[in-house]
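Inspection log for the structure reproduced underneath, given as C-alpha cells.
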Amino acid sequence: MKYILALFKKDLLLEFRQQYTFYGIVLYVASTIFVLYLAMGQPEDQVWNGLFWMIQLFVCVNAVAKSFLQESRGRLLYFYSIAGARDFILSKLLFNALLMALLSVVSWLLFSVLLGNPVQNGWRFMGVAVFGGLGLSLVFTFLSAIAARAQQNAALMAILGFPLIIPQLLLMMKLANTAFSSVIQESLAQIVLLLAGLDLMVVALAVILFPFLWKD
C-alpha cells in the first residue's frame with residue numbers, strides 16, 4: 001500500500017508543478033461548451049444530457065492519454081526496480097479517477113453556466129457525473145497502458161476505447177436521465193450495480209494483465 005501511495009503522490013506533485021496540463025483541459029472544455037452555446041443556446045434536456053457525456057468522453061481521452069505515454073523508458077525501468085506492476089497500475093488508476101472526478105464537476109458547472117441547468121436533482125446528477133467519470137478513467141487508463149507498449153501510439157487507445165466505452169456511455173446517460181425528473185426508475189439500482197461491476201472488471205483485468213505488459 002505504501003508504494004501505491006508513494007506513486008500516487010508522485011503523480012499528484014507532478015500535476016501541481018505542471019498545472020498548464022490541467023488548465024489546458026479546462027480551457028478545452030470551456031471553449032467547446034462556449035461554441036455549443038453559440039450554436040445551440042440552451043438545448044432541451046435529452047440533448048443537454050447527450051452533449052454532456054460526449055464532452056466527458058473527449059475530456060477523459062485528453063486527460064488520461066498522458067498517463068503512460070508521458071513516461072519515458074528510463075523512468076519506467078526505475079519504477080520497475082522500486083515497485084511492483086500492480087502497485088504502479090493501481091496508483092495510475094487512483095490518480096486518474098481523482099482527476100476525472102474533479103473534471104466531471106468542473107464540466108457540470110460550466111455546462112450549468114453556459115448551457116443552462118435543466119437538472120432537477122443536482123446532487124444526484126453530480127453523483128452520476130463523478131461515478132461516470134471514474135468509470136471512463138478506469139477504462140482509458142488501462143488502454144493507455146496498452147497503447148504505451150505499442151510504440152507510444154495514442155491513436156491505438158482511441159481505436160480500442162470507443163467500442164468498449166459505448167455500452168458504458170449509454171448506461172450512464174440512462175442513469176443521468178433520472179436526475180432530470182423527480183420520478184425514480186425501478187431499474188436505477190440495476191444500472192448502478194452493472195456499472196460498478198464493469199468498473200471492478202476493468203480494475204481486475206488491469207491488475208491481472210498489466211504485469212505481463214510491465215515485464216515486456
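Counting begins at 1 with the first residue of the sequence.
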Worksheet item: Which of these passes side-chain contact (heavy atoms from CB on, under 4.5 Å) with I33: L51, L38, V113, L114?
Response: L114

Discussion item. Are there over 12 heavy-atom neighbours, none belonging to Y37, within less than 6.0 Å of that residue's OH?
Written reply: no

Discussion item. Do F88 and I208 sit in one hydrophobic cluster, given that two such residues count as connected whenever their side-chain heavy atoms are within less than 4.5 Å of each other, even indirectly?
Written reply: yes

Worksheet item: Less than 4.5 Å apart, any side-chain heavy atom of V202 and any of L93?
Response: no

Worksheet entry | Value rounded to 0.5 Å, distance of CE in M100 from CG in L136 | 5.5 Å

Worksheet item: Going from CG on L138 to CG on L198, what distance comes out if it is rounded to the nearest 0.5 angstrom?
Response: 10.5 Å

Worksheet entry | Side chain S144, main chain F140, donor-acceptor under 3.5 Å | no

Worksheet item: Going only through I, L, V, M, F, W and Y residues with side-chain contacts under 4.5 Å, is there a path from W108 to L27?
Response: no

Worksheet item: Could you state the interatomic distance from OG1 (T32) to CG (L110), rounded to the nearest 0.5 Å?
Response: 10.5 Å

Fill in: Same cluster (ILVMFWY, side-chain, under 4.5 Å), I25 and V35
no

Worksheet, complete the sentence: Rounding to 0.5 Å, atoms CG (L194) and NZ (K174) come to a distance of 10.0 Å

Side-chain donor/acceptor pairs under 3.5 Å, residues 52-63, sequence neighbours excluded:
unit_1, atom_1, unit_2, atom_2, d
W53, NE1, N49, OD1, 3.1
Q56, OE1, S107, OG, 3.1
Q56, NE2, S104, OG, 2.8
N62, ND2, F58, O, 2.7

Worksheet, complete the sentence: Closest non-hydrogen contact found for L134 with S137 is O-OG, 2.7 Å

Discussion item. Checking the side chain of Q42 only, and the main-chain atoms of L115 only, is there a donor and an acceptor separated by less than 3.5 Å?
Written reply: no

Worksheet item: Are L195 and L175 close enough that some pair of their side-chain heavy atoms sits under 4.5 Å apart?
Response: yes

Fill in: Reported CG-to-CG distance for the pair L205 and L200, which is rounded to 0.5 angstrom
11.0 Å

Worksheet entry | Criterion side chain to side chain contact (heavy atoms under 4.5 Å, CB included) on L171 and Q168, from CA distance to verdict | CA-CA 5 Å; L171 287 173; Q168 193 170 0; 5.8 Å; no

Worksheet item: Should W123 and F125 be regarded as members of a common hydrophobic cluster, given that ILVMFWY residues are connected when their side-chain heavy atoms come within less than 4.5 Å of each other, either directly or indirectly?
Response: yes

Discussion item. Assigning hydrophobic clusters by single linkage (Ile, Leu, Val, Met, Phe, Trp, Tyr; side-chain heavy-atom cutoff under 4.5 Å), is L109 placed with Y23?
Written reply: yes

Discussion item. What verdict does the side chain to side chain contact (heavy atoms under 4.5 Å, CB included) test give for F95 and T141, after you've listed the backbone C-alpha separation in whole Å, the side-chain angles of each residue and the deciding distance to 0.1 Å?
Written reply: CA-CA 10 Å; F95 174 76; T141 299; over 6 Å; no

Practice prompt. Supply the atom-to-atom distance L5 CG to L12 CG, rounded to the nearest 0.5 angstrom.
Written response: 11.5 Å

Practice prompt. Please test F180 against N121 for side chain to side chain contact (heavy atoms under 4.5 Å, CB included), starting from the C-alpha separation and ending with a verdict.
Written response: CA-CA 7 Å; F180 291 87; N121 193 325; over 6 Å; no

